[in-house]
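In what follows, chains carry the letters A, B, and so on, assigned in the order in which the sequence lines appear, proteins first and then strands, with residues in each chain numbered from 1.
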Number of protein chains: 2
Amino acid sequence: MFAAERDGVAARINSIERAGAGALIQTSGGRRMRGSVAQQLAVMILSGELPPGHVFPTELDYAEQIGISRSSLREAFRVLSAKGLVESRPKAGTRVNPRRQWSLLDPDLLAWQFAAEPSAKFLRDLFELRLTVEPNAAAIAAARRSDDEVEAMRRALEKMARHGLATEEGRLADQQFHMVMLEATRNDAIIALASSIMAAIAWTTIYKQRNHALKRDPIPDHRLLYDAFAAGDAEAARHAMAELIRLALADTEMSA
Amino acid sequence: MFAAERDGVAARINSIERAGAGALIQTSGGRRMRGSVAQQLAVMILSGELPPGHVFPTELDYAEQIGISRSSLREAFRVLSAKGLVESRPKAGTRVNPRRQWSLLDPDLLAWQFAAEPSAKFLRDLFELRLTVEPNAAAIAAARRSDDEVEAMRRALEKMARHGLATEEGRLADQQFHMVMLEATRNDAIIALASSIMAAIAWTTIYKQRNHALKRDPIPDHRLLYDAFAAGDAEAARHAMAELIRLALADTEMSA
DNA sequence: GCGATAATATTATACGATATATTGTAGGAC
DNA sequence: GTCCTACAATATATCGTATAATATTATCGC
């Protein structure tokens with residue numbers, strides 16, 4: 001009832017990557033309570049405004065400074081700490097961790113990165129990781145898929161072709177297409193990784209697409225992948241997925 | 001000063017995967033404060049004792065029930081929420097999320113999984129992910145490595161050969177060997193992923209090895225990988241890394 | 001100058017009170 | 001009879017303060 005009122009795109013992405021990560025995502029919509037401290041702090045850290053080694057003021061001071069209670073600030077710090085961004089120690093204060101300890105692939109961190117215009121370098125890194133993981137995942141999936149999954153992908157592909165990626169329904173079908181394939185790997189680790197990266201990258205592709213619509217027709221790549229998947233041809237699936245990702249990368253770079 | 005007093009192995013692993021993830025890890029050493037609620041709850045959820053959909057008692061009741069303050073319980077819930085394990089909503093209470101929303105690759109979650117004897121299925125999934133990611137990472141690294149990194153890996157390999165994997169120093173050198181290679185990829189996303197998985201898997205291999213020491217000599221595999229890396233031969237590096245992981249998998253399965 | 005010890009600042013935890021949001025229910029309109 | 005609207009109950013969200021634990025820092029003694 002209220003989710004539908006929000007920006008459809010943002011709401012959907014959120015629901016894909018995490019049906020609701022507590023108060024933080026909820027407030028990211030814009031209005032609602034005045035919290036969202038964790039997100040704001042995270043963005044400041046990720047953007048480099050608060051560099052590694054930076055020590056925050058004491059909890060009491062900082063809470064007053066940003067106008068929230070100490071309890072709320074502490075809970076925000078706990079969230080950031082859980083994602084490896086900061087670390088709190090008695091007497092020493094709370095400080096920003098070195099980048100190496102950040103959980104960069106955490107769904108929330110990914111979302112927050114993209115909320116603050118990710119660096120081109122990081123985007124390339126993500127695509128390189130996709131190019132590393134997903135073709136192999138497609139090969140595994142093709143070898144293990146069930147007939148039900150083939151059918152589910154066929155339906156998703158059909159819906160995608162009917163609506164096109166310019167519509168909400170079409171993009172949803174696209175996500176479903178990839179999600180079914182991921183689940184066919186029967187590998188929870190791969191599913192967790194690929195789904196969050198995909199959701200994060202969907203952010204950019206979608207919001208870039210607002211300016212100038214995608215010219216290329218994405219259906220042929222997907223159909224090739226589907227055919228390999230349906231045939232259970234692992235190598236063909238690997239190749240088709242790699243090609244699909246390369247095209248997606250080219251699309252985002254072209255529009256950058 | 002205090003870290004050295006703890007169990008060397010556990011302390012090192014912790015420091016590798018995250019130099020100190022707040023109070024939670026600290027308490028996992030055994031003593032210290034009576035918190036560690038987040039870890040205990042996480043283990044219960046990961047082990048299936050608290051299945052998805054389970055709703056916790058109200059914060060007031062539950063805090064009293066487990067003997068901590070409501071503030072502490074809330075902070076613990078925030079940590080779990082940040083990792084996608086639970087979700088809290090006014091009036092509805094705090095409930096366990098469906099597995100699909102768990103951040104399985106989070107360093108802490110991995111550590112906690114392994115603390116509670118991970119399922120064989122999950123271990124296989126992780127190795128399959130490693131087999132997907134790391135060979136390609138090795139290939140990328142070989143293409144981009146600097147001479148300094150070759151030198152650093154040579155030293156690590158040498159130290160590893162001198163001490164053997166039965167010693168603390170030898171295992172540390174092993175970790176360094178792999179870490180240098182990962183950093184040579186220049187890809188933050190790949191580094192974040194592979195390092196946390198490696199750290200998690202080191203848990204099992206180490207503690208299994210306490211029972212019956214590893215018979216196989218790991219140096220030859222590593223030397224092959226090093227040679228490919230030093231020569232900048234991407235394909236050879238890919239192949240060597242895949243072989244190395246397969247052997248590691250065979251070791252853990254043999255001892256299982 | 002160095003080491004042990006005490007002082008101190010800051011986080012960690014605890015507790016009670018208030019604000020706020022969501023859900024479930026009841027009531028009314030069509 | 002079904003749907004929508006308004007309201008109330010309840011649980012989380014936030015707040016403010018007090019106490020305990022602890023790591024750093026400084027001081028004192030050797």
Inset, instruction - Ignoring backbone atoms, test whether Ser69(B) places a side-chain nitrogen or oxygen under 4.0 Å from the OP1 or OP2 oxygen of dA14(C). - result: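 For dA14(C), OP1/OP2 do have a side-chain N/O of Ser69(B) under 4.0 Å.
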Give the rounded distance in Å between these two atoms: [atom1] of [X] and [atom2] of [N].
X        : N       : atom1 : atom2 : answer
Phe77(B) : dT14(D) : CZ    : P     : 16 Å
Glu75(B) : dA12(C) : CD    : C1'   : 8 Å
Glu64(A) : dG16(D) : CD    : C1'   : 12 Å
Glu87(A) : dT11(C) : CD    : C1'   : 12 Å
Arg74(B) : dG16(C) : CZ    : P     : 17 Å
Glu59(B) : dA14(C) : CD    : P     : 14 Å
Lys91(B) : dA11(D) : NZ    : C1'   : 7 Å
Ile68(B) : dT19(D) : CD1   : P     : 21 Å

Any side-chain heavy atom of [X] within less than 4.5 Å of one from [Y]?
X         : Y         : value
Lys121(A) : Asp188(B) : yes
Glu87(B)  : Thr94(B)  : no
Leu105(B) : Leu193(B) : yes

Inset, instruction - Assign the ring pair Tyr62(B) / Phe56(B) to parallel, tilted or perpendicular, where the plane angle (0 to 90°) is split at 30° and 60°. - result: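 Tyr62(B) and Phe56(B): tilted rings.
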Legend entry - Base of dA13(D) paired with side chain of Arg70(B) (donor-acceptor, under 3.5 Å):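 Between dA13(D) and Arg70(B), which were checked side chain against base, a qualifying N/O pair under 3.5 Å is present.
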Legend entry - Side-chain donor/acceptor contact of Ser72(A) with base of dC15(D) under 3.5 Å: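 By the distance-only test, no, there is no pair.
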Inset, instruction - Can you run down the salt bridge (Lys or Arg N to Asp or Glu O under 4.0 Å) pairs that involve residues 49-60 of chain B, sequence neighbours left out, and say none if there aren't any? - result: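 Passing the test, one end in residues 49-60 of chain B: Glu59(B)-Arg70(B), Glu59(B)-Arg74(B).
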Inset, instruction - On DNA chain D, check which nucleotide each of Ser71(B) and Thr94(B) is closest to and give me the residue with the more 5' one. - result: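 That would be Thr94(B).
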Legend entry - Residue mapping more 5' on DNA chain D - nearest nucleotide basis, Leu60(B) or Ala92(A):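 Here Leu60(B) is the residue nearer the 5' end.
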Inset, instruction - Could you tell me whether Thr58(B) contacts a base, only the sugar-phosphate backbone, or nothing, with contacts defined as non-hydrogen atoms closer than 4.0 Å? - result: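 The answer is sugar-phosphate, as Thr58(B) gets under 4.0 Å only of primed atoms, P, OP1 or OP2.
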Legend entry - Among dT22(D), dA13(D), dT24(D), the nucleotide that comes nearest once only the side chain of Arg89(A) is considered: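 Of the candidates, dT24(D) comes closest.
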